[in-house]
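A short write-up of the structure that comes next.
Chain naming here is simple, since letters A, B, ... match the order of the sequence lines and numbering starts at 1 in each.
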2 protein chains.
Amino acid sequence: MASGEAASTAKAKYQQIADDLASQIRTGVLAPGAAIPSEAELMERYGVASGTVRKAVAELRTTQLIETHHGRGSFVRSRPPVQRKSSDRFRRAHRLAGKAAYLAEAEQSGGKPSVNVLFVGPVDAPEEIAERLNVPVGSKVLARKRRYFRDGTPTEEATSYLPWDVVKDIPETFAENPGGGGIYARLEEHGHRLAEFTETVRARLATKAETAALALSPGSPVIHLVRDAITDAGRVVEVCDTVMAADQFVLDYRFPARD
Amino acid sequence: MASGEAASTAKAKYQQIADDLASQIRTGVLAPGAAIPSEAELMERYGVASGTVRKAVAELRTTQLIETHHGRGSFVRSRPPVQRKSSDRFRRAHRLAGKAAYLAEAEQSGGKPSVNVLFVGPVDAPEEIAERLNVPVGSKVLARKRRYFRDGTPTEEATSYLPWDVVKDIPETFAENPGGGGIYARLEEHGHRLAEFTETVRARLATKAETAALALSPGSPVIHLVRDAITDAGRVVEVCDTVMAADQFVLDYRFPARD
DNA sequence: GAGTGGTCTAGACCACGAA
DNA sequence: TCGTGGTCTAGACCACTCG
């Protein structure tokens, strides 16, 4: 029953099938959003067993060409236009104009942006956050967790952490909507004038939780960005921890050729 | 012969096996570099068929916990310390001190850095490069392609593109080793004083070619970074296109809270 | 209920690596 | 040569989705 010609051909059958389907996708024979043939159909068409077809389909899934839904089928992915995140997005001028950074950005990229505040309240500072805020690990800080969407699909999840002594006199920081210009505008109004930001960028595969939260397929990459907001006085008054679907974002930075 | 209890338990068997092995790895029962039990061994130990074991092992591979070598076995991956890339790494002071950027960096992270020049010569400018250099698509530019290693393992592959009229009078730019301070030092000596850099950061899964070049496992994420070097005169005199193994790098940026 | 993907079996043969 | 992983078969039953 087994087949002896498994790997005797130049390429594995499952790979040939995957390549064939991939080229149909790239040439537009299978358009974005279209369903690819069912596994039963593919078994018959290529004359192989179910396992082989499944492996081919799995290949297309890991290369992000399709997404599959249990009980419905597999569908060609449509790649939404990317959103750019520029280091200019925190310009004070934007804040004074009453625009939050994410809005100033998302508007440029076509989609309808929206935010969902998931949590606002005190938490014990996790280790990496505490270090950056220069407070003891486990001490009380304000966390603001929200999820960003574009055209209804989640793209990004961000949690801001602020030292308790900084926010305790700023009631707006506890509100779902901190008002025009966002948190940074409120901080500046209360004497915390922002001098610079630092951002730390990593890329990795999404965890299971992130896969669920951002509606990713398993094995999708994410960009993990951690930003410190630093005042004139040299104090870190906010750490923002962000996880983004990697295929949705491009980050832009500009920096001088310093001496 | 088939098993009806496939998904009737809370979790799939292959997932349970994967989780079991993963916890053994994380608790150190299986140390970095150690071989995990062979598939035959796992089949017997867990009382499942080969396909199930293989799926469990595949799971560990995509979560980057192990790497497998045909004919030898699967081994627990040792995660090398990450290398940081800071936006400070192009400080002019470094160049004057004769240090190339990559050396100044890699030295801080412990490993022994090395470079392999893969190609130096004229090429037709690809589209995205030509746009950035502001030259016609397909016109002649100098390409310098090299691969970076740390402790002998490849981490990064970079290609620099420079306009032909800029490099034609700078013989060092055609040499494998452009001399102390690198290409940027040579450019500055010839009147192209660098004013600023822009970097564009993307993350995605590695292509097959990148998987091979950087010795990655399939499905590994990479960071794709494109940098423009811009002179006082506002001209882009170099575009550097870099692909990095995502698990080896952290990018650091610093930027002012501009008005 | 019909159709889809998801898990699993119990084998087979092939290709690679090390002894 | 022998043990390893890689590919493949020809089925089975289960879970999800939709009409």
Please work out which residues in residues 42-49 of chain B have a non-hydrogen atom less than 4.0 Å from an atom of DNA chain C and list them by number.
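Heavy-atom cutoff 4.0 Å gives B:V48, B:A49.
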Between [X] and [Y], does any side-chain N to carboxylate O distance fall below 4.0 Å?
| X | Y | value |
| --- | --- | --- |
| A:E59 | A:K11 | no |
| B:R77 | B:D247 | yes |
| A:K85 | A:E199 | no |

[N] [atom2] sits how many Å from [X] [atom1], rounded?
| X | N | atom1 | atom2 | answer |
| --- | --- | --- | --- | --- |
| A:K11 | D:dC8 | NZ | C1' | 18 Å |
| A:Y14 | D:dT9 | OH | C1' | 16 Å |
| A:K13 | C:dA15 | NZ | P | 14 Å |
| B:F75 | D:dT4 | CZ | P | 11 Å |
| B:E67 | D:dG6 | CD | P | 12 Å |
| A:K55 | D:dG5 | NZ | P | 14 Å |

Would you give the length of the straight line joining atom OG1 of B:T159 to atom CD1 of B:I129, rounded to the nearest 0.5 angstrom?
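Output value for this atom pair is 8.0 Å.
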At what distance, to the nearest 0.5 angstrom, does CD of B:E39 lie from OG of B:S74?
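The OG atom of B:S74 is 7.0 Å from CD of B:E39, to the nearest 0.5 Å.
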Would you kindly compare A:S50 and B:S50 by the position of their nearest DNA chain D nucleotide and give the one closer to the 5′ end?
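The answer here is B:S50.
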Looking only at the side chains, is there a donor atom on one of A:Q16 and A:D20 sitting less than 3.5 Å from an acceptor on the other?
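Per modelled atom types, A:Q16 and A:D20 side chains form no pair under 3.5 Å.
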Going by distance alone, is a donor N or O of one side chain under 3.5 Å from an acceptor N or O of the other, for B:Q248 and B:R150?
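The criterion, which ignores hydrogens and geometry beyond distance, is satisfied for B:R150 and B:Q248.
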Residue of the set B:E157, B:E210, B:E156 for which salt bridge (Lys or Arg N to Asp or Glu O under 4.0 Å) holds with B:R147
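Between B:R147 and the candidates, salt bridge (Lys or Arg N to Asp or Glu O under 4.0 Å) is satisfied uniquely by B:E157.
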Which residue pairs satisfy the salt bridge (charged side-chain N to carboxylate O under 4.0 Å, His left out) criterion with at least one member in residues 25-35 of chain A, sequence neighbours excluded?
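Every pair satisfying salt bridge (charged side-chain N to carboxylate O under 4.0 Å, His left out) with a residue in residues 25-35 of chain A: there are none.
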Residue-phosphate contact under 4.0 Å: A:T52 side-chain N/O, D:dT9 OP1/OP2:
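Checking A:T52 against D:dT9: at least one side-chain N or O falls below 4.0 Å of OP1 or OP2.
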Look for any protein N or O under 3.5 Å of an N or O in nucleotides 1-5 of chain C and output each such pair with its distance, or none.
from, atom 1, to, atom 2, distance (Å)
C:dG3, N2, A:G71, O, 3.1
C:dG5, OP2, A:E39, N, 2.8
C:dG5, N2, A:H70, NE2, 3.2
C:dG5, N3, A:H70, NE2, 3.2

